S.K.: 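Take this structure first; my questions come after.
Just so you know, residue 1 is the first one in the sequence shown, and it goes up from there. Source: prediction; values computed, not measured.
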Amino acid sequence: MPKSQSIDPRLVSPGLAAFETLRAESEPWLAECYVPPADFELMAGASSAVVFGAAGSGKTALYDRLRNVLMPTDQLPARLVCEWVPTVRSSTTASSDTAVADWNQILRELAIALVQHVARWPAGYRQAKDWAKGTLYWLAHHSLARELKPIISEHSAGISPTGKAALRDLAQGKANSFLDNASAKGVEAELVKALGEIGLSGVCVLVGPESFAGLTAPAQNLVAFLSTLSFFETDSFAFKFIFPAHFEPLLSAAGAMSTRRIAMHYLHWQPDELTFIVEERLRLASAGRVSQLSEVCQDDRLIEWLSRVGGESPRGWLEQARPLVAHYLQRLKLGRSSSITVAEWQKIRADKPPRLTLDLENDEVTAGYRVVDLRERKVEMVLLKYLYQNRGHVCTRDELYHKAYYPALYPDGRLDGKDLLNEYRDVIDTAIWRLRQEIEPDPKRPLFVVTRKGEGLELKNAW
């Protein structure tokens, strides 16, 4: 992993807020601590790309970083970049019609991006050849129509005289009328050539994860768009999509995906990368005073614990590390720099425990942010379900045996001649031990399946 860099002295440290919001759009300091995925350069490269990521994997942060890299504010960008939010359309609409509608939306966003670019970087446009100006004029007038003048007026405020002159040229030029009847492929080609004349190597269309918030499956028009191969024939006209992970099964069969015209990437994080993400936030939260988790806590199993509750999710690791960081930052405020002891850390995590969730319908178990696969653990799953359905109740071993274990393993009521009634304690204890090995962050100090001495077992911290 890259080494930590010093913090920009002009930046005010967000303190614990570096671990609190965990939403990129409300983290103005994100660039100071962002850790890109290993294949970020490929994601941001010239080719069209799709990135799939689960909840909490950093999709919004990735999109924010891509936008900053591809749309720099302090230098001429390499390409004309726009953001597109696909409209969700009915599945009954014809695929060809939806693809055309989406294409027209994209052209509109590119036209607005063109106005912004010409206002900010007018020299290239003013020096361009007439045929190139004609293509760009066509894009602006064809896609914006009556909106063009108000948009140009809006972007004329506070810019240089050269910028204002360039926008007047864009508003009053002459269009290459042959583009009115050109195919999408033809428009792409002409637009890329014209942009080359003003110093840009092509087009990039960004589609962020917020476009798909709340959708359980991709809309049909999106599948249709990704199946229209003519949109993805050249790297000079590239798309960058960031999708929820559960979209993959339906989208992977779309034409552009199945023919590998779009490169597919996945937001998967390794423990060392996740550790570095936490430590970069720690560095920022402490204003550079500390940048290693080993300086904060004496528990040499801290990383293992974070892995057991955070899974492969940056959000999970940051959320579960937050109580520890909060206590340490408070120490720094009080003038103490000693690290937190193992006993103190055990109390902190007991006071702010992770949560266990169980989807009874799909037999899906999540401990904190870590997905636990119990499909091959029938006995353990049976006991966990029973404890879950009886949350708030202490279950005796006798109860677990006769009401959960026995009926599930012997639904016909027979034990094939074996009498195990006197052995149920060992049977249940062994199964509970195995269950804890699977779901507990620290099986020796359980936070979920808790023993009530002399009474039985209770499921705690479960939703």
Side-chain angles (χ1 to χ4, degrees), residues 1-24 27-38 40 56-58 61-62 64-65 267-354 368-370 441-442 444-445 447:
M1 299 305 298
K3 293 182 179 179
S4 299
Q5 299 179 356
S6 60
I7 294 175
D8 186 337
R10 296 167 296 178
L11 181 73
V12 177
S13 171
L16 189 60
F19 286 78
E20 181 62 35
T21 305
L22 308 184
R23 290 185 64 82
E27 298 176 331
W29 33 260
L30 180 63
E32 282 287 329
C33 62
Y34 182 69
V35 178
F40 178 80
S57 63
L62 171 64
D64 185 75
R65 185 61 175 170
L267 275 178
H268 292 156
W269 300 92
Q270 298 301 316
D272 62 329
E273 296 173 309
L274 292 162
T275 300
F276 191 73
I277 288 172
V278 173
E279 291 182 335
E280 283 294 273
R281 296 268 180 152
L282 175 63
R283 176 182 62 89
L284 188 64
S286 66
R289 294 178 64 181
V290 60
S291 60
Q292 301 289 323
L293 281 169
S294 58
E295 300 174 68
V296 172
C297 182
Q298 297 174 18
D299 190 348
D300 58 8
R301 299 184 64 186
L302 173 60
I303 301 304
E304 179 185 346
W305 192 90
L306 287 173
S307 182
R308 295 275 294 182
V309 294
E312 297 180 359
S313 163
R315 183 188 299 168
W317 278 58
L318 291 167
E319 185 177 295
Q320 298 303 324
R322 187 168 62 213
L324 175 68
V325 173
H327 278 73
Y328 188 77
L329 292 179
Q330 182 65 13
R331 286 192 173 192
L332 291 181
K333 289 179 182 178
L334 296 174
R336 300 167 56 198
S337 59
S338 59
S339 56
I340 292 169
T341 67
V342 174
E344 289 172 328
W345 167 227
Q346 289 171 0
K347 185 177 186 309
I348 289 169
R349 68 196 196 198
D351 290 340
K352 298 284 187 181
Y369 280 78
R370 180 174 62 93
D442 181 354
K444 293 182 179 179
R445 295 175 178 82
L447 296 173

S.K.: Can you give me the closest heavy-atom contact between Ser13 and Ser286, atom names plus distance?
M.R.: OG-N, 4.4 Å

S.K.: Between Ala18 and Ala285, what is the shortest heavy-atom contact and its length?
M.R.: CB-CB, 4.1 Å

S.K.: When rounded to the nearest 0.5 angstrom, what is the spacing between SG in Cys297 and OH in Tyr328?
M.R.: 11.0 Å

S.K.: Are any side-chain N or O atoms of Glu273 and backbone N or O atoms of Gln270, one a donor and one an acceptor, separated by less than 3.5 Å?
M.R.: yes

S.K.: Look up atom CD in Glu344 and atom CG in Leu324, then write down how far apart they are to the nearest 0.5 Å.
M.R.: 10.0 Å

S.K.: Could you pull out the closest heavy-atom pair between Leu284 and Pro14, with the gap in Å?
M.R.: CG-CD, 3.7 Å

S.K.: Do the side chains of Trp305 and Asp299 get nearer than 4.5 Å, heavy atoms only?
M.R.: no

S.K.: Out of curiosity, His327 NE2 to Trp345 CH2, how far, rounded to the nearest 0.5 Å?
M.R.: 10.0 Å

S.K.: Could you give the distance from CZ (Phe40) to CG (Leu267), rounded to the nearest 0.5 Å?
M.R.: 11.0 Å

S.K.: Kindly say whether Phe19 contributes a backbone atom to a donor-acceptor pair with the side chain of Arg281 at under 3.5 angstrom?
M.R.: no

S.K.: Considering all heavy atoms of both residues, which atom of Pro441 and which atom of Val309 are nearest to each other, and what is their separation?
M.R.: CG-CG1, 3.2 Å

S.K.: What are the two closest non-hydrogen atoms of Glu32 and Arg283, and how far apart are they?
M.R.: O-NH2, 2.7 Å

S.K.: Could you measure the distance from the CG atom of Leu282 to the CG atom of Leu16? Nearest 0.5 Å is fine.
M.R.: 10.5 Å

S.K.: For residues Ile277 and Trp317, determine if any side-chain heavy atom of one lies less than 4.5 Å from a side-chain heavy atom of the other.
M.R.: no

S.K.: Surrounding CZ of Arg289 (heavy atoms of other residues, nucleotides or ligands, distance under 6.0 Å), is the total greater than 12?
M.R.: no

S.K.: Is there a side-chain contact between Leu306 and Leu302 (heavy atoms, below 4.5 Å)?
M.R.: yes

S.K.: Return the CZ to OG distance between Arg370 and Ser307, rounded to the nearest 0.5 Å.
M.R.: 8.0 Å

S.K.: Do Asp442 and Arg349 have side-chain heavy atoms sitting under 4.5 Å apart?
M.R.: yes

S.K.: Where is the tightest heavy-atom contact between Pro354 and Gly368, given as atom of each residue plus distance?
M.R.: CB-CA, 4.1 Å

S.K.: Using the side-chain hydrogen bond (donor to acceptor under 3.5 Å, both in side chains) definition, which of the options Arg315, Glu319, Gln320 pairs with Tyr369?
M.R.: Glu319

S.K.: Ignoring hydrogens and geometry, is there a side-chain-to-backbone donor-acceptor pair from Arg331 to Ser339 under 3.5 Å?
M.R.: yes

S.K.: Side chain of Ser291, backbone of Glu279: donor and acceptor closer than 3.5 Å?
M.R.: no

